[in-house]
Structures are given as structure tokens and as C-alpha cells.
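A quick write-up on the structure given underneath.
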Amino acid sequence: MNSESRSSQKIKIVTCQDADEASERVARKVISLIRERNEASRPTVLGLATGSTPILLYKKLIQAHREEGLSFKNVITFNLDEYLGLDKSHPKSYWHFMHSQLFNHIDIDPENIHIPDGNVPEDSVSEYCKDYEACIETAGGLDIQIVGIGRTGHIGFNEPGSTVDSITRMVTLDPLTRKDAAHSFGGEAAVPTHAITMGVSTILKSRSIYLLAWGAAKAEIVAKTLKVDPTDMLPASFLQQHEATTFFVDHAAASALN
Ligand code: GLP
């Protein structure tokens, strides 16, 4: 059972029974676009996210590859973000996460995988970020961007203070974000202080955006995101200005919505 509604803004909200049903719905959208593009011998450009939220979605994409013969050979991916100072091989790097949760299990061409490099020297970060933006443009722009949401209202690592016109850049992580990541790093002190993230404007350029949120811990921030006037104090609220954004939420994450 799920229900669909539109908030006072343009965002479509799909409330699902649970994370499994929501992930299945998102997976079907991604799979049908990839199929359509494969048939037309055209690439599909996906913006991908990390965190616990999209894990089920990635499982379902792997399943479609294994059981339905879905090929990712024509898929180009760009990840939202990466911790600065973490090597690819670090077990908590997003590079490692994406490879273990998805890329190692599908037939994607490694050359089509783009994840910000957490090891880029500080004096070349800004040039590196400009190149990342240019690379997305050269690929034809993002068809679908998957995003989760942090309790600060961040998308990617666009923490409060991130403006609507922000592009890929180096950012300082919010204390709440570092606290939320502490359990997986074995303590807050081990959580990196900086990251590279696509900007709000990079995300808003995607043709479709799917925000995924499950569990009661996300209820308050999801409701606020939809309620406030778009503000850089809650960067996810800028999604209200996008023409084709859908929030896929479970009942718990939807529980603070009117
Ligand atoms: C990190 C990531 C975000 C993600 C957020 C939520 O901060 N940079 O992209 O949306 O975590 O994580 P989770 O899905 O585990 O709640």
C-alpha cells in the first residue's frame, strides 16, 4: 500500500509501506530508464548517493542485473560526495562503499564510474571540483540523481549555509553530521572534518531527483524540508524549486507530514 501526494510545492511525495517497497519503486524507475536507453544505444547518467538509505536500492539493481540480464555497460555514474583525506582503500571511504554495495556486482565499465577523489591535494581541490562539474556536463548531465537526507537537512554534504548556486567544492562537515557518522568510524574523532560534495546547483540540474528517507529519525527533517521557504539553512529545501523531484518515504519518515 502506498499513497501519492503533492506538497504545496512541486515535490511529489510517495509514501510506501516500508523501505523495501520504496526501494523497489525507485529501482523500477532506474531500471526502466536504463533499459530504454540501452535499446536506443544511448547512455544513462546516474547520480548516486551513499549512506545506509540506498543500500536496498543497490541490492535491487544488482538483482536486476543477475536475474533480468540488465546491463550497466552504457551507464555512467557520478557520486555525490566523498570524505576528504580518506584513501579509496579506506573501509569507510565512499569509493569503498560504492564498490562493495554496487559496482563490484554489475557489469559497469570502471571508466564510467566517477566518485570525488578524497585524496586530492588541498591546493588542487578547486580545480579538481571544476573538472568534476565539467565531466558531468560532458556526459550529458544527470538523468536521475538519488539523494538521501542528513538530519542537518543536507543533501550530498551540502550542510546548512550551502547556497542554491553552490557547485562541487570542498566543505566542512557539520558537527551533527560527524556525530551521526561516529558509530561507523568507531568514534567522532575518527570522522573526517571535510569532504568534497556536488553543490546544490549541481544536484538541481539533474533531470529527475529521487530523495529517499526511511525511519522515524528522518521524520522531522523531511517535514521541515517541505514546509520551510527554500533556505540555505536547510539545503534540501531547495529541492522545492526543482521541476521533477519525488520523495520516496516510508510511513515512519512521513509521520510528521500533515
Ligand atoms: C551522509 C551522506 C549523505 C547521506 C546521509 C544520510 O552524510 N553524505 O549523502 O544522505 O549520510 O545517511 P543515511 O542514509 O545513513 O541516513
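Heavy-atom basis, side chains included; hydrogens, waters and symmetry copies ignored. One-based numbering, in listed order, for ligands and for the atoms of each.
- Given atom 16 (O) of ligand 1, the protein heavy atom at minimum distance is K218 NZ, 2.6 Å.
- Clustering of Ile, Leu, Val, Met, Phe, Trp and Tyr side chains at separations under 4.5 Å places V191 together with Y83, L86, Y94, F157, V171, L173, F185.
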Full working for side chain to side chain contact (heavy atoms under 4.5 Å, CB included) between H99 and I113: CA-CA 10 Å; H99 283 75; I113 298 171; 4.0 Å; yes
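- Under a 4.0 Å criterion applied to the non-hydrogen atoms of I149, ligand 1 contributes the atoms 6 (C), 10 (O).
- The pair E243-K10 counts as a salt bridge, with a side-chain nitrogen and a carboxylate oxygen less than 4.0 angstrom apart.
- Residue contacts with ligand 1: H154 is placed with a nitrogen or oxygen under 3.5 Å of a nitrogen or oxygen of the ligand (distance criterion only).
- Between K88 and D117, none of the side-chain N atoms (NZ, or NE/NH1/NH2) sits under 4.0 Å from a carboxylate O, so this pair counts as no salt bridge.
- Of all atoms in ligand 1, numbered sequentially from 1 with element shown, those under 4.0 Å from a heavy atom of G148 are 10 (O).
- At a heavy-atom cutoff of 4.0 Å, ligand 1 is contacted by no atom of A49, backbone or side chain.
- Among protein heavy atoms, atom 2 (C) of ligand 1 sits closest to Y94 OH, 3.4 Å.
- For atom 12 (O) of ligand 1, the nearest non-hydrogen atom of the protein is G51 CA, 3.9 Å.
- Ligand 1 lies within reach of G156, whose nearest heavy atom is under 4.0 Å from it.
- The pair K60-D20 counts as a salt bridge, with a side-chain nitrogen and a carboxylate oxygen less than 4.0 angstrom apart.
- Which parts of ligand 1 touch T53 is read off a 4.0 Å heavy-atom cut-off, strictly below it: atoms 13 (P), 14 (O), 16 (O).
- Between E220 and R151, no side-chain nitrogen of the basic residue sits less than 4.0 Å from a carboxylate oxygen of the acidic one, so the salt-bridge criterion is not met.
- With respect to N79, the side chain to side chain contact (heavy atoms under 4.5 Å, CB included) criterion is satisfied by exactly one of T197, L48, I146: L48.
- Of all protein heavy atoms, the one closest to atom 4 (C) of ligand 1 is T50 O, 4.0 Å.
- Taking hydrophobic clusters as Ile, Leu, Val, Met, Phe, Trp and Tyr residues chained together by side-chain heavy-atom distances below 4.5 Å, L176 does not share a cluster with V222.
- With ligand atoms numbered from 1 in the order given, ligand 1 contributes 1 (C), 7 (O), 8 (N) to contacts under 4.0 Å with heavy atoms of F157.
- Note on R28 versus E68: salt bridge recorded, some NZ/NE/NH1/NH2 to OD/OE distance being below 4.0 Å.
- For atom 8 (N) of ligand 1, the nearest non-hydrogen atom of the protein is D81 OD2, 2.8 Å.
- Polar contact check, T177 against ligand 1: no nitrogen or oxygen pair lies under 3.5 Å apart.
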